[in-house]
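Residue numbers begin at 1 in each chain, while the letters A, B, ... track the order of the sequences.
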2 protein chains.
Amino acid sequence: MADQQAFFDLLDIMESEEAVEQKRFFALMRSAFRIANLLYVDVELLSRGFRVHRIHHTFDTSLVDAYLDKDAGCIDAVLRMASSDVRPIDLADARRRYPDSEALFQAALHFGLPPEGIILPLSAPTRRCARLVIQTDIGAGEWTAYRRCHLRDFQLLANLFHASLLESDERFTDRVQPGAALTNRETEVLGWAAAGKSYWEIATILGISERTVRFFMTNARRKLNVVSNTQAVAQAVRHALIPIS
Amino acid sequence: MADQQAFFDLLDIMESEEAVEQKRFFALMRSAFRIANLLYVDVELLSRGFRVHRIHHTFDTSLVDAYLDKDAGCIDAVLRMASSDVRPIDLADARRRYPDSEALFQAALHFGLPPEGIILPLSAPTRRCARLVIQTDIGAGEWTAYRRCHLRDFQLLANLFHASLLESDERFTDRVQPGAALTNRETEVLGWAAAGKSYWEIATILGISERTVRFFMTNARRKLNVVSNTQAVAQAVRHALIPIS
DNA sequence: CGTTAACCTGTCACTACCGACAGTTTTGCG
DNA sequence: CGCAAAACTGTCGGTAGTGACAGGTTAACG
């Protein structure tokens, strides 16, 4: 419990300052706790592959870059593993539960990085997935006690850091939709089109004429500023105008 | 710091047990901390409105239900406000920053519920948004100190509870895609269709014949088990086969 | 060297979509 | 009641998407 004060100092910094720089946060964390390395990732996970929005870490740059190029498949598996769980996961547990990640841990060991540490879940905006990985040099025996004592500290500080990054991100403010809002009928018709129904089918379902369905769809296309039903539906799904259902 | 032991006891429970029941967690939290009420929500936020996946709370049922029916617009605004921030937000701050929520706080006050407490962000799967709201009877002056001391406890325990709920949820395991995976070209063509391009345009862009574009699209439709390009693109966006871009 | 999968192409007939023409009716609000 | 916005309808002509016909080429793998 020696670093209680260090935590509270760090908490005050994270809560009081507008934006905490990534390097500063990593440095503060490393001085406040017995942390060897930190890795922060914010990605958009796709069915195949992923798009990195942000990645920051304190590992050797050449090591990480080399690995990213060499074995993207393994990185992909590790990301998918980490994102499928919203619980803090111990690195040792991750290694045990997901054999695909073994290559990564082997490479880390080769560089003198023992597999002790934890992956913390972070609340990301729609379709994104962010995690903070903390790696330590503490032995497995001692780590259990240290983790129990400081997990809450790690999780909260990680959340605050992550929030700080998101807030400083312009892209996070693109919530506002351009153009006018769709009417109920327009949304409804879009939803059925997304379900693969033709104009005739939608007309039958809604009990209106086929011409009217086209009327709504045309209005929706105009409002969304798109050229085809297909693009309109893509937009609607992306902007959550229609539910997953 | 009197309830330090209570926190660690609770942490051990949350970490050791497979699934912690919602009522039990709420009871444990209320006995371990000076918490008056808890509210957990997990929703899918749409451009207009929302779909509730889960909602649990310790407030008076009639109060919440009545409010949900009466003023969905306000609830909507509050949800949107809470989800736009991934930082823990004090209820008092939320009230100050978002005038739309005033009606809700007024109603709460009317039922003897003071606006002290916090909204905790939770990491949810794609397109979902989950939050745990903690409300206390502690006075505003004392709350600041109590909050500083226990925010980390609240955040970590909330995360673990949330993870426990998600894990027990069948729907969370629907990650597996039915049918075969799309090839690179099929995905590529779908992406352009989602961008509103016609077959002819896609053919020109990719430098192949229009017929070939149709070939890929037909294969994609067959693999996704859909009947139109529109439905195929809707599926592709929903299942993150193609990026937001 | 055979097999498989991905990638690529042409044509025909049909149906669905889409823009532009020109309206009516209903609903909600000040 | 007047007005605006939403909901609703008909028809025409052109373009785009769709299924089914029947192929060829290239790269990877055992």
Side-chain angles (χ1 to χ4, degrees), chain A residues 46-49 71-73 177-237 241-242, chain B residues 46-49 71-73 177-237 241-242:
Chain A
L46 300 172
S47 164
R48 294 183 65 190
D71 199 347
Q177 224 92 164
L182 299 183
T183 68
N184 287 337
R185 280 304 210 190
E186 285 154 9
T187 308
E188 208 170 350
V189 167
L190 270 180
W192 286 114
K197 305 298 180 191
S198 69
Y199 283 158
W200 182 86
E201 287 171 306
I202 300 173
T204 308
I205 291 166
L206 298 182
I208 57 182
S209 89
E210 199 175 321
R211 174 65 187 86
T212 308
V213 176
R214 266 174 46 215
F215 174 74
F216 291 139
M217 198 65 97
T218 304
N219 287 343
R221 276 197 307 273
R222 185 176 38 76
K223 287 182 182 176
L224 294 174
N225 200 28
V226 299
V227 297
S228 68
N229 287 358
T230 302
Q231 191 184 7
V233 162
Q235 284 270 25
V237 175
L241 300 174
I242 52 184
Chain B
L46 301 172
S47 164
R48 295 183 63 189
D71 198 347
Q177 223 93 163
L182 299 183
T183 68
N184 288 337
R185 281 304 211 191
E186 285 154 9
T187 308
E188 210 169 348
V189 167
L190 270 180
W192 286 115
K197 305 298 180 191
S198 70
Y199 283 159
W200 181 87
E201 288 172 306
I202 300 173
T204 307
I205 291 167
L206 298 182
I208 55 181
S209 87
E210 199 176 321
R211 174 65 187 86
T212 308
V213 176
R214 267 173 46 213
F215 174 74
F216 291 138
M217 198 65 98
T218 304
N219 286 343
R221 277 199 306 274
R222 186 176 39 75
K223 286 182 181 175
L224 294 174
N225 201 27
V226 299
V227 298
S228 70
N229 287 358
T230 301
Q231 192 183 7
V233 162
Q235 283 271 22
V237 175
L241 299 175
I242 52 184

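In terms of the side chain to side chain donor-acceptor pair (under 3.5 Å) criterion, N225(A) has no residue partners (sequence neighbours excluded). Residues forming a side chain to side chain donor-acceptor pair (under 3.5 Å) with E188(A) (at least two apart in sequence, or on another chain): R185(A). Qualifying side chain to side chain donor-acceptor pair (under 3.5 Å) partners for E210(B), counting only residues two or more places apart in sequence or in other chains: none.
Side-chain atoms of R214(B) and base atoms of dG19(D) include a donor and an acceptor less than 3.5 Å apart. If you check distances only, the side chain of R221(B) never reaches the base of dT18(D) with a donor-acceptor pair under 3.5 Å.
I202(B) has its side chain out of reach of F216(B): every pair of non-hydrogen atoms, C-beta onward, lies at least 4.5 Å apart. The shortest side-chain heavy-atom distance between T212(A) and V189(A) does not fall under the 4.5 Å cut-off. Here the side chains of V233(A) and V237(B) are not in contact, with every heavy-atom distance at 4.5 Å or above. Residues L241(B) and L224(B) have side chains in contact (heavy-atom distance under 4.5 Å, counting atoms from C-beta outward). Side-chain contact check for T183(B) versus K223(B): some heavy-atom pair is nearer than 4.5 Å.
Residue N229(B) holds its CG atom at 4.0 Å from CE of M217(B), rounded to the nearest 0.5 Å.
A donor-acceptor contact shorter than 3.5 Å links the side chain of Q231(A) to the backbone of V227(A). Between the side chain of E201(A) and the main chain of S198(A), a donor-acceptor pair closer than 3.5 Å is present.
Residue N229(A) is in sugar-phosphate contact alone, with no base atom involved, counting any heavy-atom pair closer than 4.0 Å across all strands shown. Among the protein residues, F215(B) comes within range of the nucleic acid bases, having at least one heavy atom under 4.0 Å from a base atom.
Between R211(B) and T230(B), the one whose closest nucleotide on DNA chain D sits nearer the 5' end is T230(B).
Applying a 4.0 Å cut-off to non-hydrogen atoms, the residues of residues 185-207 of chain B that approach DNA chain D are S198(B), Y199(B), listed by residue number.
Once you apply a 4.0 Å limit to the heavy atoms of chain A, the touched nucleotides of DNA chain C run 5' to 3' over dC17(C) to dA22(C).
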Nucleic acid footprint by protein, nucleotides 24-30 of chain D - heavy-atom cut-off 4.0 Å, B for base, S for sugar-phosphate alone = -------
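To the nearest angstrom, C1' of dA7(D) lies 17 Å from CD of E210(A).
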